[in-house]
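Notes follow once the structure below has been shown.
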Amino acid sequence: MKFLALVTMYALAAAKHEKYFGWKTYIVNTTTEEQVIKLVSTGTKLGVDFLTTPNLEEEGLLLVNPKQQEELTRSLNALGIQYRTHADNIKSLLDHDDFLIKEQNKSIALRSDVFMPYDNYQPLDVIYNFMDAIASKFPTTTKLVRNSFSFDRRPIKYMKISNTNFQDEKKPVILIDGGIHAREWIAPPVVTWIIRKLTEGLNERHLLDDQDWILVPVVNPDGYDYTFTQDRYWRKTRSTNTHHNARRCPGVDGNRNFAHFWNTSDTSSDPCSLIYPGNYAFSELETSLLRDILQQYRSRIVMYINLHSFGSMILYPWLHDGSRSRRAHYLHLVGTAMADAIHYHSLHHFPGYRVGNGATILYGASGSGVDYAHSLGIPLAFAFELPGLSESNHGFNLEPRYIKQVCLETWAGIKVGVKQATKLFRKGY
Ligand SMILES: *[C@@H]1O[C@H](CO)[C@@H](O)[C@H](O)[C@H]1NC(C)=O
Ligand SMILES: *[C@@H]1O[C@H](CO)[C@@H](O)[C@H](O)[C@H]1NC(C)=O
Ligand SMILES: *[C@@H]1O[C@H](CO)[C@@H](O)[C@H](O)[C@H]1NC(C)=O
Ligand SMILES: [Zn+2]
């Protein structure tokens, strides 16, 4: 009976995710530096999608289309890299995700008091309605900004939270954003969780007494919406004005589009690539908005956190070349304190966080948001890779029942970081 019901669910969803029929994910285990380098270069040449990049301590997860599979497995064998198939038909994996999300929705519908449910992934309108509701309920401490727009003219809504209306120049500002990479669905709920904890759920006054906050849950609303309606693995923006081939391959990788060593390393000039940096820095309205916020408050923003998934990592500059920042000591200290706090609140089967220079522990990226923020003099700039569970059937697509857990533990970590950041600001770092 249960089986039949499942089959029916899948049949109904069958029209979706057609593109991913026959796609696979592979888990790879690289054990030498040489294997990592060769795999990344072969995979990049083939156009393989690295959902997490392999390194020496952590397995990688590769999303591979049917045309790439034979050559990739041949290369893996030639390089002596251990691998196993993780999912052998991505379409059915995605159908199963939809099923889980629908099932979760049923239980949510029964509880009419829920205002922003964290037991499911939410489409853009639910997130925006939540922000509207918070703004009207807390008019003295929140300001909803909605005059910036994406390429497809969606508002990029963000929230400023302060009990001094951002007028007290002596208060540091904390900036946190999510959703620059559309498919990384676990990021936006962490930001809305923080909004809630600073308004409805505020039980620590010092969070507003000691700092002001700017929170952008979905930097890339066009891409985010597209992942719900068209293509679950869409990562980039949806702009079509950056190159002549843009109708076929729209969009730019937002996290390669910032003006700090833009297009100098680890990007691809192929507009169809997942790491295409655009035809000039800040070509995208979405990244330009972050630039404007960072510049407006550059002297007060003491910590910038840019949320991604997955891989359980806290990464800091410089990402473009792996060199040591002048503030590497603070970055490492605060990063480690946040990771410890997350670890303390985490589940035993979640992978532990690693902390370090982004280019050395993950991979290089020129034109990233954290490098740009740091180049403006913002002392603490971190990219988080939130957790995924590659051991389970899923991995990239963290099951909805874990959303709340990730929000909870990440917020615990961020709070510790904020406290240290504010201390630093008082000392005049
Ligand atoms: C990766 O391979 C090494 C060497 O063969 C092995 O010791 C290690 O357990 C493997 N890691 C995982 C996660 O399978
Ligand atoms: C889940 O419920 C929300 C709120 O009612 C709705 O907007 C959303 O489209 C639903 N999602 C699915 C996959 O049914
Ligand atoms: C980006 O860098 C590559 C490699 O140096 C170069 O070929 C390409 O023209 C650059 N792209 C743009 C838009 O300047
Ligand atoms: Zn990302």
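Side chains are part of it too, since the values below use all heavy atoms of this structure and drop only hydrogens, waters and symmetry mates. Order of listing sets the numbers, starting from 1, for every ligand and every atom in it. Note that this is a predicted model, so its numbers are computed, not measured. Start at 1 with the first residue, then count along the sequence.
Ligand 1 places these atoms under 4.0 Å from at least one heavy atom of Thr31: 2 (O), 3 (C), 4 (C). Residue-ligand proximity, Glu59 to ligand 1, at heavy-atom distances under 4.0 Å covers atoms 12 (C), 13 (C), 14 (O).
Under the 4.0 Å criterion applied to side-chain N and carboxylate O atoms, Arg146 and Asp132 are assigned as salt-bridge partners.
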Below 3.5 Å only, please: the N or O atoms of ligand 3 paired with protein N or O atoms, distance on each line.
{"residue": "ligand 3", "atom": "2 (O)", "partner": "Asn263", "partner atom": "OD1", "Å": "3.2"}
{"residue": "ligand 3", "atom": "2 (O)", "partner": "Asn263", "partner atom": "ND2", "Å": "2.4"}
{"residue": "ligand 3", "atom": "11 (N)", "partner": "Asn263", "partner atom": "ND2", "Å": "2.9"}

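Within the 3.5 Å criterion, the main-chain N or O of Val219 finds no donor-acceptor partner in the side chain of Glu286. Side chain of Arg300 to backbone of Lys171: a donor-acceptor contact under 3.5 angstrom is found. One N or O on the side chain of Tyr118 and one on the backbone of Thr192 form a donor-acceptor pair closer than 3.5 Å.
Contact check for Leu207 versus Trp213: side-chain heavy atoms found under the 4.5 Å cut-off.
Leu289 and Ser148 make their closest contact through CD1-OG, 3.3 Å (heavy atoms, listed as atom of the first residue, atom of the second, distance).
Considering backbone and side-chain N/O atoms, Arg84 never comes within less than 3.5 Å of an N/O atom of ligand 1.
Checked against ring pair (Phe, Tyr, Trp, His ring centres under 6.0 Å), His349 has the following partners two or more places apart in sequence or in another chain: Tyr402.
With Asp222 as the partner, the salt bridge (charged side-chain N to carboxylate O under 4.0 Å, His left out) test is satisfied by one option alone out of Arg154, Arg238, Lys236, Arg153: Arg154.
Of all protein N, O or S atoms, those under 2.8 Å from the Zn ion (ligand 4) number 4.
Checking Tyr372 against Gln295 by side-chain atom types alone, a donor-acceptor pair falls below 3.5 Å. When only modelled atom types and interatomic distance are considered, His320 and Thr264 share no side-chain donor-acceptor pair under 3.5 Å.
The salt bridge (Lys or Arg N to Asp or Glu O under 4.0 Å) pairs that include a residue from residues 23-46 are Glu34-Lys38, where partners are two or more places apart or lie in different chains.
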